Amino acid sequence: MSTIRTADVDAIVIGAGFGGIYMLHKLRNELGLTVQGFEKGGGVGGTWYFNRYPGAKSDTEGFVYRYSFDKDLLQEWDWTTRYLDQPDVLAYLEHVVDRYDLRRDIALNTEVTGAAFDEDTDLWTVTTADGRSLTSRYVVNGLGLLARSNIPDIPGRDGFAGRLVHTNAWPDDLDITGKRVGVIGTGSTGTQFIVAAAEMAGHLTVFQRTPQYVVPSGNGPVDRSEVDAAKENFDAIWDQVRNSVVGFGFEESGVEAMSVSADERRRVFQENWDKGNGFRFMFGTFADIATDPEANAAAAEFIRSKIAEIVEDPETARALTPTDLYAKRPLCNEGYYETFNRDDVELVPIKENPIQEITPAGVRTADGVIHELDVLVFATGFDAVDGNYRAMDLRGRGGRHIDEHWTDGPTSYLGLSKSGFPNMFMILGPNGPFTNLPPSIETQVEWIGGLIGDAERRGIRTVEPTPEAEDGWTATCTEIANMTLFPKADSWIFGANIPGKQNAVMFYMAGIGAYRQKLAEVAGNGYEGFERITDDETAGV
Ligand code: FAD
Ligand code: NA7
């Protein structure tokens, strides 16, 4: 006989971005569970709700920066540019929420502050900042892996007299037209902002710590026939994406860079430079840019030669030229280096000339100059992957906080579950795939849905990975990451961007195809690595 337990809802889904939205649909509309969604923001969309800075857009091409789970949805939604601007992605996600009637079960403006597992009832209790408390049998976290802002503690920060904003919290009422604007950070976000802001601001000062390799995106209008062709080919397109490495909608190269002549390498680099897209340049040119130092150096040298050609002022060109490995998340943009040829754009390399403080008037650098500003933009990125987990009072078995489990860095089994946290799942949790994210999100949501559906049918009360399975997955991810050059470059991918953060492997880097195969094997072997306890087994306990 089962132990009686009554939960307020079957499942709670935290976050209403790409992940949370689809998870809610899967659990409520397809599995028939009662579900409550919680979202901190004032609207749905996650990344695309918060990142409203000028220039914000996806750098995955639009035809694969969307869901693929419903063929009708694929057919009915159009696009007009090669990359989707932030308002376009947001409008799409709003449409999805309405199309599947999800809005009524998402509590907006509701931050989850805690989630605790009760071993007596095998239920989760989720608490919110506005004082609500709700119990459920399952919790799925769709907290986002690039969603917790990194706001550096620069002296004088709070005394700035102008507007100081982070790109992940861009206010609707902020118009930078004609203003003196400063930006700290030149990652994916910073470079997007710089190109757009240069067109709008009266003067733009770029505070650059580390120069980046940026290739063209090839952005531009997409005509009707291209959209129609993609729609006709969607079956083949998504089949390719799901079986690829990075899932960006192009074929990865199988050719090693050093197996061809220097002329041929340059031809291939030029061809892909002309096509545009950062992931294409890193993975579509040659097979080993991210793994072989010589191949990597060849790609880096090609990009450096482009900077020298494009940037007119030799000192600015020198400061913009990276000297380290080409092994961070690859970036692309339209006209990034060209922007620095403008008279109203100034580059301040802050490794050589550090920021000393933020004054009420602007930013004072070590050379004594005060860069006077009306607006200071922090494009300083995120406490990626585990940031939003640690921000909650998240407690599993024995009341142990997630931080106690993650002292050496965040870990998981398969990027979606954690030992000691029964019936809790993560979308894009630590050591999930490093890809174009919507197809990986779909993969995880569908797999979690499959596991929960199976548990419901079999009367399984708790499902939880074993510590051994989790250790095995961590070892696999570490081994794969160490075969690449990514760990050798300081970036958010390994947590190197946050002062004091433990450097750790946080991604499965063997690709979405291999990941999907692994998930299929685990499910096929009766959810190998998970301990599943049925109601009958707990009877009388
Ligand atoms: P998110 O969209 O981040 O949603 C997570 C949600 O959880 C947020 O709304 C957050 O408010 C909510 N949340 C977190 N904690 C709590 C809490 N405690 N209580 C309640 N709610 C909470 N990826 C790509 O693959 N291609 C791209 O081109 C690309 N471009 C990007 C551009 C920018 C500017 C940024 C920031 C990211 C980009 N990404 C891109 C990554 C992007 O985050 C993912 O593609 C995708 O949007 C992630 O969806 P998600 O639902 O997992 O997370
Ligand atoms: P990133 O890629 O982490 O870039 C952040 C930028 O901010 C980068 O240039 C950093 O320099 C710089 N930064 C961070 N902290 C500081 C401090 N304290 N002082 C000066 N400069 C600083 O974040 P993004 O938002 O651009 O992109 C993250 C992902 O989101 C991206 O890959 C997309 O997937 C979307 P650094 O290089 O560390 O020297």
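In listed order, ligands and their atoms are each counted from 1. Since the structure is predicted, the reported quantities are computational estimates derived from the model, not experimental observations.
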May I ask you to decide whether [X] forms a salt bridge with [Y], counting only side-chain N to carboxylate O separations under 4.0 Å?
{"X": "Asp8", "Y": "Arg137", "result": "no"}
{"X": "Glu61", "Y": "Arg66", "result": "no"}
{"X": "Arg103", "Y": "Glu94", "result": "yes"}

Under 4.0 Å from any heavy atom of [X], which atoms of ligand 1 are there?
{"X": "Ala147", "answer": "3 (O)"}
{"X": "Leu428", "answer": "52 (O)"}
{"X": "Asp59", "answer": "27 (C), 28 (O)"}

### Task
Out of Glu39, Arg52, Met23, indicate the one that has the non-hydrogen atom closest to atom 11 (O) of ligand 1.
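It is Glu39 that holds the nearest heavy atom.
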### Task
Counting heavy atoms only, name the option from Tyr83, Phe248, Tyr53 that's nearest to atom 34 (C) of ligand 1.
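When every heavy atom of Tyr83, Phe248, Tyr53 is considered, Tyr53 comes closest to atom 34 (C) of ligand 1.
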### Query
Ile427 near ligand 1, heavy-atom distance under 4.0 Å?
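Outside the 4.0 Å threshold, so no.
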### Query
Going by the angle between their ring planes, with limits at 30° and 60°, are Tyr92 and Phe18 parallel, tilted or perpendicular?
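Rings of Tyr92 and Phe18: tilted, as their planes differ by 30° to 60°.
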#### Entry: Those residues that, when tested against Arg157, pass side chain to side chain contact (heavy atoms under 4.5 Å, CB included) (two or more places apart)
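With neighbours one apart ignored, the set is Ile151, Asp153, Leu164, Ile358, Phe378.
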### Task
With sequence neighbours excluded, tell me which residues meet ring-ring contact (aromatic ring centres under 6.0 Å, His included) with Phe434.
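Partners of Phe434 by the ring-ring contact (aromatic ring centres under 6.0 Å, His included) criterion, ordered by chain and then number, come out as Phe486, Phe507.
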### Query
Under 3.5 Å, N or O to N or O, is Ile14 touching ligand 1 that way?
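Not met; the criterion fails.
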### Of all pairs that satisfy salt bridge (charged side-chain N to carboxylate O under 4.0 Å, His left out), the ones with a partner from residues 238-248, not counting sequence neighbours
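As it turns out, there is no salt bridge (charged side-chain N to carboxylate O under 4.0 Å, His left out) pair with a partner in residues 238-248 once direct neighbours are skipped.
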What are the atom names and distances for all N or O pairs under 3.5 Å between ligand 2 and the protein?
{"residue": "ligand 2", "atom": "7 (O)", "partner": "Ala379", "partner atom": "O", "Å": "3.3"}
{"residue": "ligand 2", "atom": "9 (O)", "partner": "Thr186", "partner atom": "N", "Å": "2.9"}
{"residue": "ligand 2", "atom": "25 (O)", "partner": "Thr189", "partner atom": "OG1", "Å": "2.6"}
{"residue": "ligand 2", "atom": "26 (O)", "partner": "Ser188", "partner atom": "N", "Å": "3.0"}
{"residue": "ligand 2", "atom": "26 (O)", "partner": "Thr189", "partner atom": "N", "Å": "2.9"}
{"residue": "ligand 2", "atom": "26 (O)", "partner": "Thr189", "partner atom": "OG1", "Å": "3.4"}
{"residue": "ligand 2", "atom": "32 (O)", "partner": "Arg329", "partner atom": "NE", "Å": "3.4"}
{"residue": "ligand 2", "atom": "32 (O)", "partner": "Trp492", "partner atom": "NE1", "Å": "3.3"}
{"residue": "ligand 2", "atom": "34 (O)", "partner": "Arg329", "partner atom": "NE", "Å": "3.0"}
{"residue": "ligand 2", "atom": "38 (O)", "partner": "Arg209", "partner atom": "NH2", "Å": "3.0"}
{"residue": "ligand 2", "atom": "39 (O)", "partner": "Arg209", "partner atom": "NE", "Å": "2.8"}
{"residue": "ligand 2", "atom": "39 (O)", "partner": "Thr210", "partner atom": "OG1", "Å": "2.4"}

### Query
Nearest protein heavy-atom contact for atom 35 (C) of ligand 1: which residue, which atom, what distance?
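Answer, as residue, atom name and distance: Thr47 CG2, 3.4 Å.
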